[in-house]
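Right, one structure below, let's go through it.
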Amino acid sequence: MELATPLADAEVLRLRRDFPALNQQVHGRDLVYLDSGATSQKPVSVLDAERSFYEHENSAVHRGAHTLAANATELFENARATVARFVGARENEIVWTSNATEGLNLIAYGMSNASLGRGGADAARFVLTEGDEILTTEGEHHANLVPWQELAARTGATLRHIPVADDGTLRMDEAERLITGRTKLVTFTHVSNVTGVLNPVDDLVRMARAVGALVVLDACQSAPHRVLDLAALDVDFAVFSGHKMLAPTGIGVLYGRAELLDALPPFLTGGSMITTVTLEASGYLPAPQRFEAGTQKVSQAIALAAAVDYLSSVGMDRIERWESELGARLVGGFSAIPGVRVLGPGTGVHRAGLVSVDVDGVHAHDVGQFLDDRGIAVRVGHHCAQPLHRRFGVTASTRASAYLYNTTADVDAAIDALAGVRAFFGASS
Amino acid sequence: MELATPLADAEVLRLRRDFPALNQQVHGRDLVYLDSGATSQKPVSVLDAERSFYEHENSAVHRGAHTLAANATELFENARATVARFVGARENEIVWTSNATEGLNLIAYGMSNASLGRGGADAARFVLTEGDEILTTEGEHHANLVPWQELAARTGATLRHIPVADDGTLRMDEAERLITGRTKLVTFTHVSNVTGVLNPVDDLVRMARAVGALVVLDACQSAPHRVLDLAALDVDFAVFSGHKMLAPTGIGVLYGRAELLDALPPFLTGGSMITTVTLEASGYLPAPQRFEAGTQKVSQAIALAAAVDYLSSVGMDRIERWESELGARLVGGFSAIPGVRVLGPGTGVHRAGLVSVDVDGVHAHDVGQFLDDRGIAVRVGHHCAQPLHRRFGVTASTRASAYLYNTTADVDAAIDALAGVRAFFGASS
Amino acid sequence: MSGDLAGLYQQVILDHSREKHGFGLAPTADASSHQLNPTCGDELTLQLHATDGVIGSVTWEGAGCSISMASASLLHDLAPGLTYDEARERIALFRELMQSRGAGVEDEDELLGDAIVLEGVSKYVARVKCAMLAWVALEADLAQLDAAH
Amino acid sequence: MSGDLAGLYQQVILDHSREKHGFGLAPTADASSHQLNPTCGDELTLQLHATDGVIGSVTWEGAGCSISMASASLLHDLAPGLTYDEARERIALFRELMQSRGAGVEDEDELLGDAIVLEGVSKYVARVKCAMLAWVALEADLAQLDAAH
Ligand SMILES: Cc1ncc(COP(=O)(O)O)c(C=O)c1O
Ligand SMILES: Cc1ncc(COP(=O)(O)O)c(C=O)c1O
């Protein structure tokens with residue numbers, strides 16, 4: 001296969017014109033937005049798609065028979081088809097959620113409902129009892145850790161963790177040891193939101209399959225940034241958030257293999273997910289409606305489809321290559337600064353376009369403030385990954401994360417600013 | 001207290017210019033939108049508020065320290081304060097949800113988590129066991145029925161129902177009998193989405209308080225249409241949806257009395273709702289953050305605040321009076337048509353601005369299609385209230401529901417169209 | 001009334017929706033299936049009576065809109081004498097017709113008989129489910145017969 | 001560097017953040033409270049030592065940004081000799097100062113001493129929590145003493 005040409009600065013500067021928020025000043029300096037790992041900016045086409053819906057089709061989907069309702073339903077379901085194609089899934093395998101966090105909670109609550117006897121025999125494979133194990137990793141976002149702690153507490157199952165090595169990669173020797181006949185579910189992030197490490201999905205899926213465990217993939221940091229084919233990765237479930245991939249807040253996706261989604265007991269219940277309701281009991285529709293109770297995030301789903309169209313028109317393979325160049329440049333620049341330690345893999349290792357650092361003697365909050373003063377927006381804190389920060393012996397770090405609209409000049413500005421931090425705070429003395 | 005002047009056609013026609021979707025044609029006729037009970041149209045000020053956020057402040061709230069993040073956080077929390085004021089609540093009593101359905105599920109899952117031992121002694125009042133009863137009504141939307149069926153199934157509690165009388169009101173004699181020492185929670189809709197009946201909140205709260213039961217109010221059909229003071233109503237929890245009150249899809253509100261919200265075990269877990277997370281266990285923040293896991297519906301919350309500002313500037317008391325005039329006109333017109341039966345209260349009874357009818361010999365789908373052909377958008381089906389339709393001996397009905405942007409001419413168009421239905425389908429013969 | 005509405009509710013359809021050919025369930029049947037349209041609560045039970053791989057008759061009961069009732073009635077008229085494979089072919093063609101958004105499909109007159117009066121439904125995406133209800137039920141019946149073999 | 005940043009990080013603040021007056025916990029105290037800033041994981045424990053309703057000294061330990069460390073250090077310098085009510089008054093005034101968005105408050109010099117160098121923080125809404133951490137801890141300590149009575 002031929003490699004796609006990555007983006008280049010000139011093209012990126014053209015793309016950037018599509019993003020109104022990037023065209024502003026902060027503290028009298030041009031904004032350099034390097035916080036896309038937290039949330040991305042939105043192109044005009046996405047904003048227009050949502051507004052156009054409210055100006056023309058807005059009405060209740062799947063519930064009305066009038067013209068507007070029919071048109072709204074069609075746009076809404078077309079959006080599902082667009083997103084399904086984008087990640088190599090079928091339409092009935094795509095469930096709208098409000099964010100990735102909700103998607104992970106949906107799986108966890110579906111399993112605890114199964115464990116309480118809901119869903120009958122079909123749901124047997126989701127039942128957890130004492131002695132069963134859920135396996136996650138030391139490198140997860142809280143969204144892929146806390147719901148499983150709670151699931152374990154509700155069902156009596158035990159939560160275990162694959163440890164992270166000094167270079168930020170998973171200890172696969174430990175994974176081998178930890179994945180046993182007791183393991184019912186293995187869940188891990190595709191790309192770390194702290195270190196940029198890409199986890200070995202194929203190996204983990206193989207190990208999980210060998211013991212019959214379900215596999216959940218947190219694709220929050222991969223779906224926006226690289227070509228994703230969930231059917232090819234052969235995971236059972238996956239989640240991601242629209243706001244990190246050019247779409248509005250309030251929309252996320254849960255992917256599940258069709259036969260699993262149809263067997264998992266419902267999570268949220270209410271209107272539009274039922275067949276027949278009596279005062280005593282209710283019957284439930286198959287997926288995806290089964291998991292879409294109440295009025296859905298209609299305009300947000302339509303806007304997510306517009307975002308996906310934008311990404312596809314640029315080319316996910318090209319975006320991936322460009323960000324990997326930016327990531328390499330960030331790592332190179334940051335690690336050359338005295339007193340700056342990169343968390344996770346150093347130079348020369350393939351990584352996503354995000355890098356977190358600890359600055360000796362200066363707290364991350366102060367680092368971030370110093371950069372902000374130069375118009376550079378980065379993320380400071382634990383990035384919702386306290387255990388991983390503890391693993392690296394710090395409580396907080398400073399993260400720069402790039403996206404398709406960042407140039408090498410953006411990266412260089414961040415490197416240049418970071419180089420001045422320790423002197424300003426008197427930490428180099 | 002002086003009565004507010006209701007709106008009048010001339011002013012409504014001026015307001016209507018603010019709603020782009022209302023200014024279009026369907027089947028060659030001017031759109032007459034009478035489906036606001038399902039979802040409302042949006043004024044330009046709401047669309048602009050959301051867009052402006054994406055053009056200027058968009059970034060992660062409560063997680064970032066850079067300028068955009070600080071500005072976004074401020075707009076987001078100001079939105080909470082605006083919505084709190086609108087319903088007579090304090091800021092920490094307002095939790096964002098994605099819709100009312102999620103709010104009701106949040107309470108139900110919080111209680112089932114408490115029943116599984118989560119939340120410790122503080123959560124004791126939310127624990128349900130066999131013998132305990134949950135009381136709802138025969139007139140509820142599925143959103144306020146199915147989650148309680150599931151909660152009962154998970155905990156062993158029993159679900160009971162206050163029956164509905166022939167005129168659509170609750171059988172308060174039965175309520176008196178059903179609310180006993182075993183009743184742990186009483187939940188009911190403020191205004192019925194099928195009959196427009198206003199339920200007697202004060203009486204039900206008094207009865208529930210007498211036995212120490214919690215009270216949940218489904219305010220979906222009241223918050224958008226009338227002055228609402230939740231503290232004065234003295235309910236424990238309430239829910240409503242933004243999309244029914246001029247705001248975008250994807251945003252809803254759960255109100256809870258502060259001391260209850262802080263004691264209820266978390267529902268969705270993940271980032272931004274925690275204090276300290278270790279691999280083994282997590283501590284949780286107080287409300288509202290406790291219930292707001294992951295990236296929130298930021299632009300939607302800001303847009304909801306803009307919607308609330310729009311409603312307040314018109315005046316909720318004036319809107320309420322206008323809709324009650326429109327409701328009376330609808331009931332009068334519909335019930336005068338031979339073969340048309342109004343579900344619930346007839347003429348002369350105070351009601352909200354929505355009316356559902358059964359047309360003898362013509363299925364609701366066909367009625368709706370006939371009206372749509374004249375540009376009139378109404379809702380057909382069971383309106384997510386199958387038990388109530390069964391109570392009235394029908395499976396589906398046709399509902400016209402008005403809002404502040406509807407004129408008497410809209411109502412008259414619907415009456416005129418409905419009068420022609422039976423002849424067209426040969427049902428009058 | 002717009003031309004669209006007249007195209008949707010042709011007189012033949014309104015007649016069928018009242019006459020309901022084949023309405024009433026037989027005491028026994030070779031296959032039977034129950035279908036539901038969750039949006040409106042419409043329900044339909046459709047029985048298949050067959051001999052030697054050829055459909056003898058189709059009987060049904062249910063409540064619903066004029067489109068769903070007329071569609072079941074028209075299917076009752078069309079089905080007798082068809083082999084299972086022929087019936088499947090007609091169902092597939094009818095589905096294609098319903099998804100054609102008013103464009104129609106080839107050979108429709110020949111293969112679908114009077115049921116082509118439902119072509120107008122294809123312009124109303126929200127109503128396609130109503131028209132399909134009986135046909136989906138027949139499809140389920142045929143699948144039952146297959147499974148029994 | 002913008003003027004704003006210089007206003008936020010005055011030399012006095014940077015000095016206090018390194019010198020950390022009062023750092024180190026005593027074996028016993030009359031009240032002690034632990035505060036956490038969940039955004040960044042910063043933590044602070046602050047002890048109150050008092051005699052007859054008058055603050056003797058404040059000692060503390062914690063890890064955090066320069067603003068939170070300097071603020072604790074400045075509070076250590078300010079607190080001794082204040083009655084509980086005076087301390088509460090200063091905390092209230094400091095909170096008001098932090099919420100003033102750069103506008104300042106009356107009597108700040110007189111009542112808050114060197115701590116007024118933190119005024120620049122009030123322009124940075126996201127950092128107000130950092131500056132407040134020690135003061136909220138002292139407030140909690142005072143509430144403990146009240147509760148003990
Ligand atoms: C009375 C009532 N309750 C609950 C709901 C559910 O609201 P949503 O679908 O926005 O969650 C609705 C609206 O559909 C309603 O009218
Ligand atoms: C790896 C990872 N998982 C999960 C999440 C949670 O996503 P959200 O907050 O959109 O639910 C994030 C982003 O915050 C993330 O980076």
Side-chain angles (χ1 to χ4, degrees), chain A residues 20-21 26 35 38-39 41-42 47 51 54-56 58-60 63-68 98-99 101-102 105 116 118 141-143 146-147 149-150 154 161 241 243 248-250 268-271 274 277-279 281-282 293-295 297-300 365 368-369 372 377 379-380 384 386-387, chain B residues 20-21 26 35 38-39 41-42 47 51 54-56 58-60 63-68 98-99 101-102 105 116 141-143 146-147 149-150 153-154 161 241 243 248-250 268-271 274 277-279 281-282 293-295 297-300 365 368-369 372 377 379-380 384 386-387:
Chain A
V26 164
D35 196 16
T39 202
Q41 298 302 337
K42 326 299 174 198
L47 303 182
R51 187 163 190 129
Y54 284 121
E55 291 179 350
H56 300 103
N58 175 58
S59 52
R63 291 189 181 181
H66 58 78
T67 300
L68 261 58
S98 54
N99 55 24
T101 301
E102 196 196 23
N105 277 275
L116 288 169
R118 307 303 295 156
H141 189 282
H142 294 159
V146 190
Q149 291 178 343
E150 288 290 329
R154 287 195 299 268
H161 317 86
S241 282
H243 68 92
T249 55
L268 302 176
T269 58
I274 50 83
V277 175
T278 67
L279 285 171
S282 303
T295 304
K297 309 102 181 112
V298 184
S299 72
Q300 292 80 19
H365 255 188
Q369 199 74 59
D372 180 62
R379 172 87 181 267
V380 299
C384 299
Q386 288 182 10
Chain B
V26 164
D35 196 19
T39 202
Q41 297 302 337
K42 327 298 176 198
L47 303 181
R51 186 159 191 132
Y54 284 120
E55 291 179 350
H56 301 105
N58 175 56
S59 52
R63 290 190 183 180
H66 57 78
T67 300
L68 262 57
S98 54
N99 54 25
T101 301
E102 196 196 23
N105 278 275
L116 289 168
H141 188 283
H142 294 160
V146 190
Q149 291 178 343
E150 288 289 330
R154 289 195 298 268
H161 316 85
S241 280
H243 68 92
T249 56
L268 301 176
T269 58
I274 51 83
V277 174
T278 67
L279 285 171
S282 303
T295 304
K297 308 102 182 114
V298 184
S299 72
Q300 292 80 17
H365 255 189
Q369 199 74 59
D372 180 61
R379 172 86 181 268
V380 299
C384 299
Q386 288 182 8

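Everything numeric here is computed off the predicted structure, so don't read it as measured data. Just so it is clear: chains get the letters A, B, ... in the order the sequence lines come, proteins before strands, and each one is counted from 1.
In this structure, the portions of B/V298 lying under 4.5 Å from any heavy atom of chain A include both its backbone and its side chain. In this structure, the portion of B/Q149 lying under 4.5 Å from any heavy atom of chain A is its side chain and not its backbone. Contact annotation for B/S241: neither backbone nor side-chain heavy atoms come within less than 4.5 Å of a heavy atom of chain A. Only the side chain of B/I274 comes within contact range of chain A, with at least one heavy atom under 4.5 Å from a heavy atom of that chain. Only the side chain of A/E150 has a heavy atom closer than 4.5 Å to any heavy atom of chain B. With a 4.5 angstrom heavy-atom cutoff, B/L68 touches chain A only via side-chain atoms. Heavy atoms of A/R154 lying under 4.5 Å from chain B belong to its backbone as well as its side chain. For a residue to count as touching a neighbouring chain, one of its non-hydrogen atoms must lie under 4.5 Å from one of that chain's; by this rule B/N99 touches chain A with the side chain only.
A pairwise comparison of heavy atoms in B/T67 and A/V26 identifies OG1-CG1, 3.5 Å as the closest pair. Counting all heavy atoms, side chain and backbone alike, A/Q41 lies closest to A/A21 at OE1-CB, 3.2 Å. A pairwise comparison of heavy atoms in B/A293 and B/G270 identifies CB-N, 3.9 Å as the closest pair. The minimum heavy-atom distance between B/L279 and A/P387, with the atom names listed, is CD2-CB, 3.8 Å. Closest heavy-atom contact between B/Y54 and A/T249: OH-N, 3.0 Å. What you find for B/P20 and B/K42 is that their closest heavy atoms are CD-O, 3.6 Å.
For chain A, the option among B/L116, B/L268, B/V277 with the highest count of heavy-atom pairs below 4.5 Å is B/V277. Chosen from B/A153, B/A143, B/A281, B/S299, the residue pairing most often with chain A at heavy-atom distances under 4.5 Å is B/A281. Of the listed residues (B/Q386, B/K297, B/H243), the one with the most heavy-atom contacts under 4.5 Å to chain A is B/Q386. If you tally non-hydrogen atom pairs under 4.5 Å between each of B/A377, B/G368, B/S59 and chain A, the highest count goes to B/A377.
Counting heavy atoms from C-beta on, the side chains of B/Q300 and B/S98 never come closer than 4.5 Å.
Side-chain atoms of B/N105 come within 3.5 Å of backbone atoms of B/T101 as a donor-acceptor pair (strictly under, hydrogens ignored).
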